[in-house]
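What follows is a set of notes on a single structure, which appears directly below.
Lettering follows sequence order; numbering is per chain, from 1. Bear in mind the structure is a predicted one, so any value in this text is a computation, not a measurement.
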Amino acid sequence: MDFAIFLVQLLNGLQYGLLLFLIASGLTLVFGVMGILNLAHGSMYMIGAYLMWYFVQLTDSFVLAALLSAVIALLLGVVIEKTLINRLYRRNHLDQVLLTIGMIFVFNAMQSLLWGDDPLGVAVPGWLSGSISLTELVEYPVYRIFVALLCLLLAAGLYLVINRTRLGMLVRAGESNREMVECLGIDINRLYTIVFGAGVMLAALAGVVSAPMASIVPGMGEHVLISCFVVVVIGGMGSIKGAFVAALMVGIVDTFAAVLLPQLSSMIVYILMAVILIIKPQGLFSS
Amino acid sequence: MTYFFGKKTEQLFIWLFFPLALLLPLFLEQNEFYVNKLTSVVIFAIFVMSLDYLVGRCGMITLGHSMFYGLGGYLFILIAPEFEAVNFWVYTFYICVLAAAIALVVGVIVLRTSGVYMIMITLAIAQMCFYFFSDSVEFGGNDGLFILMKPDTSLFGLAFFNLDDPLHFYYFCLLSLFNCLVFWKLVTGSRFGRIMEAVKDNPQRTTALGYNVFLFRLLSYVMASALAAYAGYLFALQYGFVNPSMMSWQTSGSALVMSILGGMGSLYGAILGTVVYEGLHYSLEHLTEHWLLLMGCLIIAMVMLFKAGIAGFLENLLERRK
Amino acid sequence: MTHATVLQTEGLCKYWGGVKALDNMSLSFHDKSVHGIVGPNGAGKSTLLNLLCGSYKPTAGRILHQGEAIEDIRAYQFVRRGIGRGFQKTNIYPQVTCLENCCIAAQRRVGGSFNILLSKNSSALLKEMAEQALQQVGLGSRRDTIASQISYGEQRQLEIAMVLATAPSVLLLDEPMAGMGHEESRLIIELLKKLKQDYCIVLVEHDMDAVFELSDQLTVMVNGQHLVTGCVDEVRNNSKVKEAYLGQGDEVI
């Protein structure tokens, strides 16, 4: 593998990892703060992508469509939390699994009902199309760099919110000791609604930005959900830092495996996970 | 019988279900399609029951149980010669033992974790297996493989039933289901079952009483996996092919839904849940192409309103007056 | 006269990161006696108990049972050697009967716990063992009551019965009288007096009157450190003990 290809793969891996982080951070936040395992998290990613397609058709503007999709996803998250999830806090994991499986069914059916089962695509907006050249022969698409930077920006924003704001303080307190936060006399329900809504929005945003890179197909949510599980398990359940490290790790390993070990490529991240779990059953950054 | 199937509802169900299931094909004899449909429900109930034991009786929530269901089919293709009819009983034994051996290895990894971790790691391992088979050219990728020669079912020179006759196969599967129910009842009523239940309720205390909690969990995991593989093997024989969708997470998910619908941990509820779910699936599918939507809403409603499942509901109805 | 040493620790340490929960603890526990462990909150009493029953692995030091080093064996193997542990928070199986609670505890002794075909009700001996344990603590009349439905005090008794049903030689009891009224405490004190004729009992307890009444040996711990060990009177009159307790203002002897 020469240097240019290596560079391209590395960039691809980083970009994929950052995208995974965007989705996994919501999953791990919702679990860490609320103790809810949301299997329907991948569906939010799918919904983001489909919404993006729909609004691009409608408005013909990339930015506007992205904003509309994000807002709708946020609203959807809030509604789901208020109507369904908030009945589950005192229930066991099994009920959570069942309810969120039911949600997957509903979302998949809605997707098929509203948008059909044919693959869809969104064009890269004009101002982000084109490529920059890495070497004389190898080029890299601008859009992918844009996605990576956007994800980095969002990750940095998330970091700032969690570490520098009052809301973030509550989130961190909730991660380490949920009962304590409830004892502090804080309106825990509002915190939960915000966290869940934000988690859904992050996943949907990942769907939004990946819409121009990959085709929009039914079942895309489940596929990404499993990858996120791997990220969250490797990183340690509930740990944002762990999710970040693990997402980059999974992104890079997955991308390079596709080139170097094509026969193992779809299994490699699971093998990685199994190995890490044998060494550290609670993940790399568990509390 | 009273000793065995303790609760009144359970006895009632068994006295109703099995005779009914025995008689039902007589009314459908002309229609092979329905007999096949019934057979697949019965086979899946065997799978759901093993999951019901694992989740409901041992407290080990797995979303990767379908891996063993699929392996049951693939193992047969892997070990049986392609153009030669092998003995059904011998291969039943082989497949259960092989699946148990795989479950032993997987279990050692999976059971280091518990709770949410276990849910996710079982799912991830099953997905790994799923991708392995759907990517592999040797195993036919997404399309799977056909079984060219069905096994021969003679035992000690006597042919009990003919695998190619749907009715024969239906009755055999029904017998298997009954045997599985008896088996799980034996297990849960045994000394092992007592400690397994203690492990489920309070693992810390059970360790402090001198039991190796890990080994109890592992044995349960191995048994449930072997029977899941048995169900997958029957499925493969019924349709004459295997494909990766057998081990998809949807298979695990719907089995979990059926088990909860029936009443988690009640074992006979697994049969109830499978029959009701498949019945709903079948009728909704005919009603609208978006049956998934109705199914999803139904599941959500069930979690919210109907916690103990059908078995719990019936038990409440029939046994409340005391 | 002192009885034979059953359980012994040598330089036992447990560190959590930089925190010394237990530091250099060397103690001997004798047969047919009560060894009380007292100290203010955070003194490391529960850590010591968790080390003695194998729940925690020591950072350094040794645990000797009948002269053999056992600090490396697994938690469940401690019970097989006869080291039984009662919990501070009531830790029973609430959904089954009192008798069944003790059957679970006693079944390891009759064996067959991995036999998936042997009915759980097949052994008369097992039932006898379980009933005997219930009677030892005075819960014979509650055998068929669901454990969650007996009173809190009775649940504490059941907790002890379950430990007894494992046929231990050493009883590690973590605040058996916690949260009990005077009457109920009396019951437990009388029970422990009876039990100490046959067992080596290590008793962690906050109720000082009870500890003084029961203990043959008494160890005072402060901040994970061993302060003093001796008979009740020695400890009572020890100046270091007075200082530690008065200085902390926690409890008064």
Side-chain angles (χ1 to χ4, degrees), chain A residues 27 31 35-37 39-40 83-84 87-88 91-113 219 222-223 225-234 236-238 262-271 273-275 277-278 280-283 286, chain B residues 55-56 59 61-63 105-106 108-137 248-250 252-254 256-257 259-261 264-265 288-305 307:
Chain A
L27 190 68
F31 180 79
I36 295 277
L37 178 65
L39 294 183
T83 53
L84 297 174
R87 316 254 181 117
L88 281 184
R91 303 272 202 93
N92 57 26
H93 293 314
L94 195 60
D95 286 344
Q96 299 174 4
V97 166
L98 196 61
L99 179 87
T100 48
I101 283 181
M103 277 161 57
I104 296 180
F105 280 21
V106 171
F107 286 132
N108 282 352
M110 294 299 283
Q111 161 260 309
S112 149
L113 200 66
E222 282 93 315
H223 193 269
L225 175 77
I226 312 280
S227 305
C228 283
F229 273 8
V230 173
V231 166
V232 171
V233 167
I234 290 179
M237 202 78 212
Q263 62 277 48
L264 274 181
S265 65
S266 52
M267 288 171 69
I268 194 88
V269 292
Y270 303 105
I271 297 171
M273 181 192 69
V275 170
L277 277 181
I278 290 169
K280 285 199 83 168
Q282 302 290 304
S286 59
Chain B
V55 180
I61 307 176
T62 161
L63 263 180
V105 178
V106 175
V108 167
I109 299 174
V110 165
L111 297 177
R112 286 165 63 89
T113 62
S114 62
V116 181
Y117 273 92
M118 182 161 166
I119 297 175
M120 299 204 297
I121 190 167
T122 47
L123 179 57
I125 289 179
Q127 284 296 309
M128 180 168 91
C129 209
F130 171 81
Y131 286 123
F132 174 79
F133 284 107
S134 62
D135 282 359
S136 110
V137 184
S248 70
W249 76 269
Q250 284 93 338
S252 296
S254 47
L256 207 52
V257 171
S259 155
I260 298 169
L261 181 66
M264 195 93 237
T288 156
E289 85 184 277
H290 301 292
W291 64 276
L292 206 57
L293 183 65
L294 293 172
M295 207 60 154
C297 293
L298 211 74
I299 293 168
I300 292 173
M302 199 177 73
V303 185
M304 294 295 177
L305 311 167
K307 277 191 71 184

Residue pair Tyr117(B) / Val233(A): nearest heavy atoms and the distance that separates them: CE2-O, 4.2 Å
Could you check Tyr131(B) against Ile268(A) for side-chain contact (heavy atoms from CB on, under 4.5 Å), going step by step and ending with a plain yes or no? CA-CA 10 Å; Tyr131(B) 286 123; Ile268(A) 194 88; over 6 Å; no
With a 4.5 Å cut-off on heavy-atom pairs, point out which of Ile299(B), Ile61(B), Val116(B) contacts chain A the most. Val116(B)
Applying a strict 4.5 Å limit to non-hydrogen atoms, the region of Val97(A) in contact with chain B is side chain
Test side-chain contact (heavy atoms from CB on, under 4.5 Å) on Leu111(B) and Met118(B) and set out the steps. CA-CA 7 Å; Leu111(B) 297 177; Met118(B) 182 161 166; 4.0 Å; yes
Tell me, side chain or backbone of Met267(A) under 4.5 Å from chain B's heavy atoms, or both, or neither? both
Is chain A contacted by the side chain of Val55(B), its backbone, both, or neither, given a heavy-atom distance below 4.5 Å? side chain
Contact origin within Leu99(A) toward chain B - heavy atom pairs under 4.5 Å: both
Heavy-atom closest pair, residues Ala109(A) and His290(B): O-ND1, 4.2 Å
I want to check something: taking the side chain as every heavy atom from C-beta on, are Ile226(A) and Tyr270(A) in contact at a cut-off of under 4.5 Å? yes
Per-residue contact mode, Leu113(A) against chain B (heavy atom under 4.5 angstrom): both
Checking Trp291(B) against chain A: side chain, backbone, both or neither under 4.5 Å from a heavy atom? neither
Looking only at atom types and distance, does a side-chain atom of Asn92(A) sit under 3.5 Å from a main-chain N or O of Asp95(A), one as donor and one as acceptor? yes
Please confirm whether the backbone N or O of Asn108(A) pairs with a side-chain atom of Ser112(A), one donor and one acceptor, at under 3.5 Å? no
In short, Leu84(A) meets Met304(B) closest at the heavy-atom pair O-CE, 3.4 Å
Turns out that what part of Gln96(A) lies under 4.5 Å from chain B's heavy atoms comes down to neither
Which atoms of Ile119(B) are under 4.5 Å from chain A, going by heavy atoms: the side chain, the backbone, both sets, or neither? side chain
Give, as side chain, backbone, both or neither, the part of Leu294(B) having an atom under 4.5 angstrom from any heavy atom of chain A. neither
Check whether any side-chain heavy atom of Leu27(A) lies under 4.5 Å from a side-chain heavy atom of Phe31(A), and answer yes or no. no
Top contributor to chain A interface from Ile109(B), Thr113(B), Ile260(B), Leu256(B) [non-hydrogen pairs under 4.5 Å]: Ile260(B)
Do you know which of Thr100(A), Ile104(A), Val106(A), Ile101(A) has the most heavy-atom pairs under 4.5 Å to chain B? Val106(A)
Less than 4.5 Å to any heavy atom of chain A: does that hold for the side chain of Ile300(B), its backbone, both, or neither? both
Below 4.5 Å, heavy-atom pairs only: which of His93(A), Arg91(A), Glu222(A) has the largest tally toward chain B? Arg91(A)
Thr122(B) side chain to Leu63(B) main-chain N or O, any donor-acceptor pair under 3.5 Å? yes
So which part of Leu37(A) gets closer than 4.5 Å to some heavy atom of chain B, the side chain, the backbone, both or neither? side chain
